[in-house]
Amino acid sequence: MTDKEKKIPYKIYLSENEMPTQYYNVRADMKKKPAPLLNPGTLKPMTAEELGHVFCDELVQQELNETDPYIDIPEEIRNFYRMYRPSPLVRAYCLEEKLQTPAKIYYKFEGNNTSGSHKLNSAIAQAYYAKKQGLKGVTTETGAGQWGTALSMACSYFGLDCKVFMVKVSYEQKPFRREVMRTYGASVTPSPSMETEVGKKINAEFPGTTGSLGCAISEAVEVATSTEGYRYVLGSVLSQVLLHQSVIGLETKIALDKYDIRPDIIIGCAGGGSNLGGLISPFAGEMLRGEADYRIIAVEPKSCPSLTRGKYVYDFCDTGEVCPLAKMYTLGSQFIPSPNHAGGLRFHGMSSIVSELYDQGYIEARAYEQTEVFAAAEEFARCEGILPAPESSHAIKGAIDEALKCKETGEEKTIVFGLTGTGYFDLTAYQQFNDGTMTDSIPTDEDIAASLAKVPQFPGNETK
């Protein structure tokens with residue numbers, strides 16, 4: 001170990017005055033922009049007025065903003081951030097030692113708040129704009145429960161009502177996450193439910209279904225658009241969410257720059273794209289401007305492989321087909337993934353920003369089975385002392401694999417990955433892994449083809 005390495009602490013903490021005061025909008029540096037959201041009825045780009053029926057006005061403006069590279073973070077949001085930010089960038093010395101790798105591994109830890117994940121970064125922003133608009137409350141969906149927990153905390157802070165539709169399999173697997181939401185005043189409904197028209201329709205079409213994020217989104221949108229004084233908010237996928245999550249990447253870059261560390265590889269788990277997009281945005285911006293070059297790796301579950309096996313076409317973001325069409329890598333909005341334990345990654349599509357960067361070759365993608373992901377999670381927990389969320393553990397598996405490649409080649413690469421949250425509400429999953437009863441479920445080509453066949457068909461949107 002060199003003298004310079006010795007100076008790098010186990011945890012790199014920023015001071016409060018080093019926190020970002022602006023979000024970074026990577027779309028401003030993209031020469032080829034992500035395709036616009038389309039009105040499914042007219043197939044024309046959604047207008048601000050149309051989006052305003054579903055989303056808060058200020059969030060609509062952020063969703064449509066492709067030109068401003070930086071957008072101010074309101075002081076009220078920054079004040080809330082100070083409760084748990086800046087979050088630490090950790091040098092994984094113990095994991096490096098266990099792997100006997102020459103690679104240098106860092107992880108940005110976003111689980112140091114009650115919601116247990118990075119989701120609070122966007123939840124408080126969206127709740128703030130809803131309150132500023134004078135709304136009564138918001139509706140949303142949640143998979144593993146991290147987003148629902150974060151939003152319930154944010155709504156409690158601003159005195160807003162919060163209605164959460166939780167994917168049924170997660171509702172049953174993670175009762176304690178549900179109770180945290182209720183403690184913060186949210187109502188939590190397993191989805192698909194019999195409380196909405198679209199929920200009744202999905203239950204009739206897929207009897208006994210364990211649900212999906214696409215189903216829960218449909219229900220939350222229906223309630224928001226049919227209830228006076230409410231709007232819908234989303235925890236991932238949308239460009240506004242990736243904008244808010246850019247605080248992760250901005251803080252990471254500031255911390256790395258303090259010690260003149262230049263990452264070679266940046267890794268994030270990928271479900272809808274919020275964590276990955278937030279972590280990589282400033283680095284992708286450097287690549288887009290021709291200032292630097294990095295390997296960026298998106299890691300997803302083999303049970304829901306939108307990037308590695310999906311198609312890049314316009315599709316509905318929800319199973320009930322009530323949302324706008326987004327151009328993204330998708331498995332088809334009717335795809336119901338197996339009830340694996342990475343609930344936050346069980347979305348059929350991917351952020352338009354992440355999809356476009358992947359299509360342009362700025363991002364690589366790989367998929368893992370959940371048993372090998374939990375093996376990596378266990379190895380990490382035993383070394384680094386944090387029990388990681390199943391979602392985050394996909395990035396851990398990717399980082400370990402890259403570090404072991406360095407062990408073979410002797411290269412001293414610097415690897416940075418996003419540790420999006422903790423797994424203390426995921427102990428049912430860990431129990432199954434420890435008992436040896438965890439299984440892997442990978443969709444067949446026929447399964448995916450059947451779902452993609454239902455993608456909206458119009459000129460230029462063929463899936464074959």
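All values below were derived from every heavy atom in this structure, side-chain atoms included, with hydrogens, water molecules and symmetry-related copies excluded.
With salt bridges taken as basic N to acidic carboxylate O contacts below 4.0 Å, one links Asp426 and Lys174. Salt-bridge annotation for Lys136 and Glu228: absent, with no side-chain N of the basic residue lying under 4.0 Å from a carboxylate O of the acidic one. Using a cut-off of 4.0 Å between Lys/Arg side-chain N and Asp/Glu carboxylate O, Lys132 and Asp57 are scored as not salt-bridged. The residues Glu384 and Lys98 are annotated as not salt-bridged, no charged nitrogen and carboxylate oxygen being separated by less than 4.0 angstrom.
The backbone N or O of Lys44 sits nowhere less than 3.5 Å from a side-chain atom of Asn39 that would complete a donor-acceptor pair. In this structure a side-chain-to-backbone donor-acceptor pair under 3.5 Å is present from Thr319 to Cys215. Not one N or O on the side chain of Arg178 forms a donor-acceptor pair closer than 3.5 Å with the backbone of Glu172. Thr422 contributes no side-chain N or O that, together with a main-chain N or O of Pro388, makes up a donor-acceptor pair within less than 3.5 Å.
In summary, the side chains of Thr437 and Gln432 do not present any donor paired with an acceptor at a separation below 3.5 Å, with no hydrogens or angles considered. Inspection of the Ser274 and His118 side chains reveals an N or O donor paired with an N or O acceptor under 3.5 Å. If you check the side chains of Tyr184 and Arg182, you find no donor sitting under 3.5 Å from an acceptor. Counting only N and O atoms by type, the side chains of Asn275 and Thr420 include no donor and acceptor under 3.5 Å apart. Glu300 and Tyr368 are not linked by any side-chain donor-acceptor pair at a separation below 3.5 angstrom, with hydrogens and angles left out of the test. Counting only N and O atoms by type, the side chains of Thr140 and Trp147 include a donor and acceptor under 3.5 Å apart. Defined by atom type and a distance below 3.5 Å, a donor-acceptor pair is present between the side-chain atoms of Gln245 and Asn121.
Both tests hold for Lys327 against Tyr312: distance to the six-membered ring centre under 6.0 Å, angle to the ring axis within 45°.
The CG atom of Leu427 sits 6.5 Å away from atom CG of Leu387, with the distance rounded to the nearest 0.5 Å. Interatomic distance, CZ of Phe55 versus CD of Gln133, reported as 12.5 Å (0.5 Å rounding).
Ring geometry for Tyr314 versus Phe458: interplanar angle of 30 to 60°, hence tilted. Ring planes of Tyr23 and His244: tilted class, angle from 30 to 60°. Using a 30° and 60° split on the angle between ring planes, Tyr107 and Phe380 fall in the perpendicular class, above 60°.
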field: Derivation of the side chain to side chain donor-acceptor pair (under 3.5 Å) call for His53 and Thr225
entry: CA-CA 7 Å; His53 295 303; Thr225 54; over 6 Å; no
task: Give the C-alpha distance, both sets of side-chain angles, the deciding distance and a yes or no for ring pair (Phe, Tyr, Trp, His ring centres under 6.0 Å) between Phe425 and Phe176.
output: CA-CA 7 Å; Phe425 289 110; Phe176 298 123; 7.1 Å; no
message: Does Glu378 form a salt bridge (charged side-chain N to carboxylate O under 4.0 Å, His left out) with Arg382? I'd like the steps, not just the answer.
response: CA-CA 6 Å; Glu378 184 178 85; Arg382 292 178 179 182; 3.5 Å; yes
task: Given side chain to side chain donor-acceptor pair (under 3.5 Å), test Lys108 with Ser87 step by step and report yes or no.
output: CA-CA 7 Å; Lys108 180 67 165 170; Ser87 66; 3.1 Å; yes
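Among all heavy-atom pairs drawn from Ile265 and Glu402, the shortest one is CD1-OE1, 3.6 Å. Closest approach of Ile415 to Ala403, counting heavy atoms only: CD1-N, 3.7 Å.
Contact annotation: the side chain of Gln22 never approaches that of Leu250 to less than 4.5 Å [non-hydrogen atoms, C-beta and beyond]. Taking 4.5 Å as the limit, every side-chain heavy atom of Val247 sits out of range of all side-chain heavy atoms of Tyr24. Glu63 has its side chain within reach of Leu238: a pair of non-hydrogen atoms, C-beta onward, lies under 4.5 Å apart. You'll find the side chain of Phe335 stays beyond 4.5 Å of the side chain of Ser212, heavy atoms only. Side-chain atoms of His394 and Pro301, non-hydrogen and from C-beta on, do get closer than 4.5 Å to each other. With contacts defined as side-chain heavy-atom distances shorter than 4.5 Å, the pair Phe206/Gln334 qualifies. In this structure, the side chains of Phe165 and Ser193 come closer than 4.5 Å at one or more pairs of heavy atoms.
Within the structure, salt bridge (Lys or Arg N to Asp or Glu O under 4.0 Å) pairs that include any residue of residues 80-89 comprise Glu16-Arg82, Arg85-Glu110, Arg85-Glu251 (at least two apart or interchain). Within the structure, salt bridge (Lys or Arg N to Asp or Glu O under 4.0 Å) pairs that include any residue of residues 151-169 comprise Asp161-Lys163 (at least two apart or interchain).
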